[in-house]
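Quantities reported herein were computed from a predicted structural model and do not represent experimental measurements.
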Protein chains: 2
Amino acid sequence: MQRAPPQNKLLQQLSDQDLQKIIRHGKTIQMEFGQLLCEEGKDCGFVYFPLSGFISILTSMQHNQGLEVGLIGNEGMLGVLSSIGVHLSPVQAVVQGNGTALQIETQVFTAELKDSSTLQHLMQQYLAFYVIQLTRLVCCNHYHETEPRLARWLLMTHDRADGDQFFLTHQYLASMLGVRRSSVTEAAGALLQKNIIDYHRGQIHILNRTALEKVSCSCYRDLLDKQQLFLPDLPSVQTDFVR
Amino acid sequence: MQRAPPQNKLLQQLSDQDLQKIIRHGKTIQMEFGQLLCEEGKDCGFVYFPLSGFISILTSMQHNQGLEVGLIGNEGMLGVLSSIGVHLSPVQAVVQGNGTALQIETQVFTAELKDSSTLQHLMQQYLAFYVIQLTRLVCCNHYHETEPRLARWLLMTHDRADGDQFFLTHQYLASMLGVRRSSVTEAAGALLQKNIIDYHRGQIHILNRTALEKVSCSCYRDLLDKQQLFLPDLPSVQTDFVR
DNA sequence: AAAGTTTAGTGCTGTGGCGAACAGAAATCT
DNA sequence: AGATTTCTGTTCGCCACAGCACTAAACTTT
């Protein structure tokens, strides 16, 4: 897998011409852990295409009841709704893993959209995939237990991180999954005992990816398959062996 | 509230000219309880704008684990994804309440879209609202208990039905909410005891709508508010008194 | 070195919902 | 009229997770 220069897999599907134009109109920024890219209910003014690192999409209700509803790495983008003219974000976006992203002003981006039917089509496909992800998430969160969900989350993060390690405390994971911190401790402890992962004060280490896939719910695989279906040109993630 | 002729509130927002054109290109069909309008993963070839009655949108995973992810009455449509060029439905659509709908061939509909920027904009807004609904549903289904969720479901159905009664067995409700049949019996029994609803072998009767709103989770109100925000021209549902 | 903070492990009780099963009542079929 | 099916009520044991609290490390700050 090529790793330099970092590139966004969505944008890679554009023609060189369109790609150059977009890059010229955007700005490559650093994303740092915890950085708030967008608040719920606000117009953050930009769309982002991660080149490395990843962004967590969060929704919340009253009483600190929050949940993660999306994880965006260099296979996706933040701000799809802008492509259908909706600039108020219904969700919060926080940087989860350090990296860089192409930041483009919403206005510039939508202007760009008008010019490129390829880009339009790409955004439509990505939006559809996002809807499908959400649909599945409704089901997964309702039926599946903490351990498989945790495993799925780790797999998704692993795909988006650039190595086998990343930083995430139990507390953080708990707020992503919508469970108690001690439930995460329990589930992560189970994975630890099976030698699937290792962790220490927030540093999570994936030891056996194949085994992780086995304890994960099928939603992980199913959604990867959907991604292939809707965004077929994306290079698929290698998952059949331990990296 | 005017009730005749039955009309779809989305389409009502079009200009007379566009509206007439759409009606001419579509066909008014009868919808009957249980009728399968669209299968998961298939291209059903049509989009539908309910005029009366309502449609349930269902998703499922392995092992009969299914859930309702949408309820569409004359305030919405079935097949929004067609408006962004995605014709394979990620969900199943079943008629929940008898009525009529304007049925339009997908191809005709997308052709129509090209001609009318108003229609385009309308579809974009509706799609955004659909995404927001899904986002909330992820949270609601995860955190809220059966009784408030049941109440919310009844309210949504009440809004889309044309009276205070509709047909739905506990078993049916259970599959919508993703819980056991006996959990529904329990929750419905609680509402019965509070004289909020009455039911008998599938005939559900809403007795006290105000009280129903109080036992429902706030997601009902919150989503109605969002609907107003995104589709502001829709006449709002009267909810502050017992109808 | 001491004090404070962050992260993780553990142990209680309480409970909402599951799975499964049984029973009665009402409707429908033969 | 009797038999079958559909709908609802109820119970029992079980379990995953909630809520809460306390402890023990490990790292950070002063």
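- For DNA chain C, the outermost nucleotides in 5' to 3' order that have an atom under 4.0 Å from a heavy atom of chain A are dT6(C) to dT10(C).
- Annotation: proximity of residues 134-152 of chain B to DNA chain D (heavy atom, distance under 4.0 Å) is found for no residue.
- Between Phe166(A) and His158(A), the ring planes lie tilted relative to each other; the angle falls in the 30° to 60° range.
- Mapping Gly178(A) and Arg181(A) onto DNA chain D by nearest heavy atom places Gly178(A) closer to the 5' end of the strand.
- Between Asp225(A) and Leu229(A), every side-chain heavy-atom pair lies at or beyond the 4.5 Å cut-off.
- Ring orientation note: the planes of Phe167(A) and Phe33(A) are nearly perpendicular, at an angle over 60° on the 30°/60° scale.
- Considering only side-chain N and O atoms, Ser183(A) lies under 4.0 angstrom from the phosphate OP1 or OP2 of dA18(D).
- When the side-chain nitrogen and oxygen atoms of Arg180(A) are compared with OP1 and OP2 of dA18(D), one or more of them lie within a distance under 4.0 Å.
- Counting heavy atoms from C-beta outward, Asn8(A) and Pro50(A) have side chains that approach closer than 4.5 Å.
- Here the C1' atom of nucleotide dA26(D) and the CD atom of Gln203(A) are 14 Å apart, to the nearest Å.
- Cys139(B) has its side chain within reach of Thr59(A): a pair of non-hydrogen atoms, C-beta onward, lies under 4.5 Å apart.
- Side-chain N/O atoms of Ser218(B) and Gln62(A) include a donor and acceptor closer than 3.5 Å.
- Side-chain atoms of Tyr220(A) and Asp159(A), non-hydrogen and from C-beta on, do get closer than 4.5 Å to each other.
- Gln96(A) and Thr157(A) share no donor-acceptor pair across their side chains, judged by distance under 3.5 Å alone.
- At whole-Å resolution of the value, CD in Gln193(B) and P in dT8(D) are 16 Å apart.
- Proximity of Asp222(B) to Met61(A): side-chain heavy atoms (C-beta onward) are nowhere separated by under 4.5 Å.
- Here ring pair (Phe, Tyr, Trp, His ring centres under 6.0 Å) pairs that include residues 176-208 of chain B, with residues two or more places apart or in two chains, are His170(B)-Tyr199(B).
- Residues in residues 127-157 of chain B take part in no ring pair (Phe, Tyr, Trp, His ring centres under 6.0 Å) pair, two or more places apart or across chains.
- Following rounding to the nearest Å, His200(A) (NE2) and dA24(D) (C1') show an atom-to-atom distance of 13 Å.
- Between the side chain of Arg149(A) and the main chain of Leu177(A), a donor-acceptor pair closer than 3.5 Å is present.
- Going from atom CD of Glu186(B) over to atom P of dG9(D) covers 11 Å, rounded to whole Å.
- Base-pairing analysis of DNA chain D finds the following stems of at least three consecutive Watson-Crick or G-U pairs, with both pairing distances under 3.5 Å: C:1-30 with D:1-30.
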Just the atom pairs and distances: protein N or O near nucleotides 4-6 of chain D's N or O, under 3.5 Å.
residue: dT6(D); atom: O2; partner: Arg201(B); partner atom: NH1; Å: 3.4
residue: dT6(D); atom: O2; partner: Arg201(B); partner atom: NH2; Å: 2.8

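- Of all the heavy atoms in Glu75(A) and Tyr126(A), the pair that sits closest is O-CE1, 4.2 Å.
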